[in-house]
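These values consider heavy atoms only, across backbone and side chains, with no hydrogens, waters or symmetry-generated copies. Residue numbers start at 1 and run along the sequence shown.
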Amino acid sequence: MAFSMTSSRMSKFLFRQLFEKESSTYSYLLADVSHPDKPALLIDPVDRTVDRDLSLIKDLGLKLIYALNTHVHADHITGTGLIKTKVPGVKSIISKASNSKADILVESGEKIHFGDLFLEVRATPGHTVGCVTYVTGDGPNQPQPRMAFTGDAILIRGCGRTDFQGGSSENLYKSVHSQVFTLPKDTLIYPAHDYKGFTVTTVGEEMLYNPRLSKDEETFKGIMANLNLAYPKMIDIAVPANMACGLQDPVPNKAS
């Protein structure tokens with residue numbers, strides 16, 4: 001799945017939403033196409049779809065400079081390491097609080113610049129201890145409405161589980177309400193996953209209709225404590241690999 005969001009006002013901004021079907025993961029490609037270098041970044045890439053994503057980036061004439069993760073994923077292996085073996089100069093990014101490895105470790109309040117555009121880092125722990133949300137910049141030359149890439153902190157009419165990887169329902173509730181629900185209500189929310197075919201929501205929608213996060217904190221904690229979810233089937237493979245966040249040893253090229 002891929003689509004673009006452009007307007008005459010923001011024709012400098014290129015956006016694609018990409019889907020990996022095995023883990024129902026969304027990856028997001030953003031670029032400043034008015035800049036001479038057409039710098040781009042890729043949020044939450046998946047190892048299985050790296051070749052597809054890099055082919056698209058080449059077709060669009062973009063220069064990938066950053067590969068970002070919203071958190072240490074438990075349901076798939078990040079594509080950042082593989083990207084770094086295929087595209088020299090790309091830097092991997094993850095939160096410092098995740099205690100994982102990357103070229104750049106970010107903290108809440110920092111900005112990630114690509115051309116004349118930028119993402120703001122907001123700490124949204126709770127699903128994991130190191131979750132962050134990347135939000136497009138606030139300003140006349142930035143994309144409008146704003147966009148929040150929430151990882152698993154907020155899903156469309158849901159949220160990520162809080163029972164492993166340092167998760168905390170209390171922290172998730174507080175971070176979402178203080179860091180995401182304080183954004184303008186027309187802010188577009190793009191999650192890391194969807195299992196029902198939805199692609200996007202807004203802050204205003206989730207404040208009203210999210211069956212978990214629209215409740216009061218005590219009700220929310222009760223819901224999360226009684227989900228009785230199965231152990232993630234990929235967690236024992238994915239988490240150790242993703243703790244390296246793109247700095248694993250390069251994969252040798254096979255002879256053709």
Asks: Tell me, yes or no, whether the heavy-atom count around K174 atom NZ, taken from other residues, nucleotides or ligands under 6.0 Å, exceeds 12.
Replies: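 At most 12 heavy atoms, drawn from other residues, nucleotides or ligands, come within 6.0 Å of this atom.
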
Asks: Take L30 and L117, measure what side-chain contact (heavy atoms from CB on, under 4.5 Å) needs, and give me the verdict at the end.
Replies: CA-CA 10 Å; L30 289 70; L117 305 176; over 6 Å; no

Asks: With rounding to the nearest 0.5 Å, note down the distance linking CG in L188 to OG1 in T199.
Replies: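 Rounded to the nearest 0.5 Å, the CG-OG1 separation comes out at 10.0 Å.
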
Asks: Any side-chain to backbone donor/acceptor pair from T49 onto R52? Under 3.5 Å, distance only.
Replies: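 Not a single qualifying donor-acceptor pair exists.
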
Asks: Check whether any side-chain heavy atom of Q144 lies under 4.5 Å from a side-chain heavy atom of R146, and answer yes or no.
Replies: yes

Asks: Answer whether the closest heavy-atom distance between the side chains of P191 and I156 falls below 4.5 Å.
Replies: yes

Asks: Closest approach of K91 and D103, non-hydrogen atoms and distance?
Replies: CA-OD2, 3.4 Å

Asks: Indicate yes or no for a side-chain donor-acceptor contact from H177 to the backbone of L213 under 3.5 Å, with no hydrogens or angles considered.
Replies: yes

Asks: Keeping the roles fixed (side chain from N210, backbone from G158), state whether a donor-acceptor pair exists under 3.5 Å.
Replies: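 Indeed, once roles are kept as given, a pair shorter than 3.5 Å links the two residues.
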
Asks: Please check if the side chain of N171 supplies one atom and the backbone of P125 the other of a donor-acceptor pair under 3.5 Å.
Replies: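 No, because the side chain of N171 does not come within donor-acceptor range (under 3.5 Å) of the backbone of P125.
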
Asks: Keeping the roles fixed (side chain from T136, backbone from M147), state whether a donor-acceptor pair exists under 3.5 Å.
Replies: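 Present.
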
Asks: With a 4.5 Å heavy-atom cut-off, do K221 and E218 have their side chains touching?
Replies: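 Contact flag for K221/E218 side chains = yes.
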
Asks: Is there a side-chain contact between L227 and R212 in this structure, where contact means two heavy atoms from C-beta onward sitting under 4.5 Å apart?
Replies: yes

Asks: Can you get from L155 to F164 by hopping between Ile, Leu, Val, Met, Phe, Trp and Tyr side chains that sit under 4.5 Å apart?
Replies: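 L155 and F164: separate clusters.
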
Asks: Is it true that a side-chain atom of D37 and a backbone atom of P39 form a donor plus acceptor pair closer than 3.5 Å?
Replies: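 Here the side-chain-to-backbone pair does not exist.
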
Asks: Decide yes or no for I43 and L119: does some side-chain heavy atom of the first lie under 4.5 Å from some side-chain heavy atom of the second?
Replies: yes

Asks: Is the shortest distance from a Lys or Arg side-chain nitrogen in R16 or D53 to a carboxylate oxygen in the other one below 4.0 Å?
Replies: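 A salt bridge is absent here (no side-chain N lies under 4.0 Å from a carboxylate O).
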
Asks: Got a donor-acceptor contact below 3.5 angstrom from the Y134 side chain to the N69 backbone?
Replies: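 Yes; judged by distance alone, with no hydrogens or angles, the pair exists.
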
Asks: Side chain of T70, backbone of V132: donor and acceptor closer than 3.5 Å?
Replies: no

Asks: With ILVMFWY side chains joined below 4.5 Å, transitively, what does Y209's cluster contain besides itself?
Replies: L208

Asks: Taking side chain as C-beta onward, heavy atoms only, is V176 less than 4.5 Å from C159?
Replies: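 Not in contact.
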
Asks: Taking the six-membered ring for Trp, are Y190 and Y28 ring centroids under 6.0 Å apart?
Replies: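 Yes - the distance between ring centres of Y190 and Y28 falls below the 6.0 Å cut-off.
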
Asks: Below 4.5 Å, heavy atoms only, C-beta onward: do E107 and V121 meet side chain to side chain?
Replies: no

Asks: Applying a strict under-4.5 Å side-chain criterion to I, L, V, M, F, W and Y, I'd like to know whether F19 and V46 cluster together.
Replies: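 Each belongs to a different hydrophobic cluster.
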
Asks: Is any side-chain heavy atom of I104 closer than 4.5 Å to one of S92?
Replies: no

Asks: Let me confirm one number: the OG-OH distance from S168 to Y173, rounded to the nearest 0.5 Å.
Replies: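 Nearest 0.5 Å value for the OG-OH distance: 13.5 Å.
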
Asks: Quick one: do V106 and F118 end up in the same hydrophobic cluster if we chain Ile, Leu, Val, Met, Phe, Trp and Tyr together by side-chain heavy atoms under 4.5 Å apart?
Replies: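 V106 and F118: separate clusters.
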
Asks: Which heavy-atom pair separates P88 from K86 by the least distance, and what is that distance?
Replies: CD-O, 3.6 Å

Asks: Examine distances only and state if a side-chain atom of E206 and a backbone atom of R157 form a donor-acceptor pair shorter than 3.5 Å.
Replies: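 Side chain of E206 to backbone of R157: a pair is present.
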
Asks: For S95 and L105, which heavy atoms make the closest approach, and how far apart are they?
Replies: O-CD2, 4.1 Å

Asks: Looking at D51, is its backbone amide N or carbonyl O close enough to the side chain of S55 to form a donor-acceptor pair, meaning the two atoms are under 3.5 Å apart?
Replies: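 Looks like no, no N/O pair under 3.5 Å.
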
Asks: Taking the six-membered ring for Trp, are F13 and F15 parallel (under 30°), tilted (30 to 60°) or perpendicular (over 60°)?
Replies: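 Because their plane-to-plane angle is under 30°, the rings of F13 and F15 count as parallel.
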
Asks: Among the clusters formed by ILVMFWY side chains lying less than 4.5 Å apart, do L183 and I154 turn up in the same one?
Replies: yes

Asks: Rounded to the nearest 0.5 Å, what separation is found between the CD1 atom of I65 and the NE2 atom of H113?
Replies: 10.5 Å

Asks: Hey, can you pull the donor-acceptor pairs under 3.5 Å for the side chains in residues 56-64, sequence neighbours left out?
Replies:
none

Asks: Could you give me the CA-CA distance, side-chain angles and deciding distance for L68 and I112, then say whether side-chain contact (heavy atoms from CB on, under 4.5 Å) is met?
Replies: CA-CA 10 Å; L68 301 72; I112 300 167; 3.6 Å; yes

Asks: Please check if V129 and V180 belong to a single hydrophobic cluster, counting links between Ile, Leu, Val, Met, Phe, Trp and Tyr side chain heavy atoms closer than 4.5 Å.
Replies: no

Asks: Mind jotting down which residue pairs meet the side-chain hydrogen bond (donor to acceptor under 3.5 Å, both in side chains) criterion with at least one end in residues 121-133? Sequence neighbours excluded, please.
Replies: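 The answer is E120-R122, T124-T133, H127-D152.
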
Asks: Closest heavy-atom contact between S108 and A123?
Replies: OG-N, 3.3 Å

Asks: Please determine whether side chain to side chain donor-acceptor pair (under 3.5 Å) holds for the pair T202 and D186, giving the CA-CA distance in whole Å, both sets of side-chain angles, and the decisive distance to 0.1 Å.
Replies: CA-CA 6 Å; T202 67; D186 65 348; over 6 Å; no

Asks: For G160 versus L172, what's the shortest heavy-atom pair and its separation?
Replies: O-CD2, 3.8 Å

Asks: How long is the span from the OH atom in Y195 to the OG atom in S23, to the nearest 0.5 Å?
Replies: 7.5 Å

Asks: Between V72 and S100, what is the shortest heavy-atom contact and its length?
Replies: CG2-OG, 3.8 Å

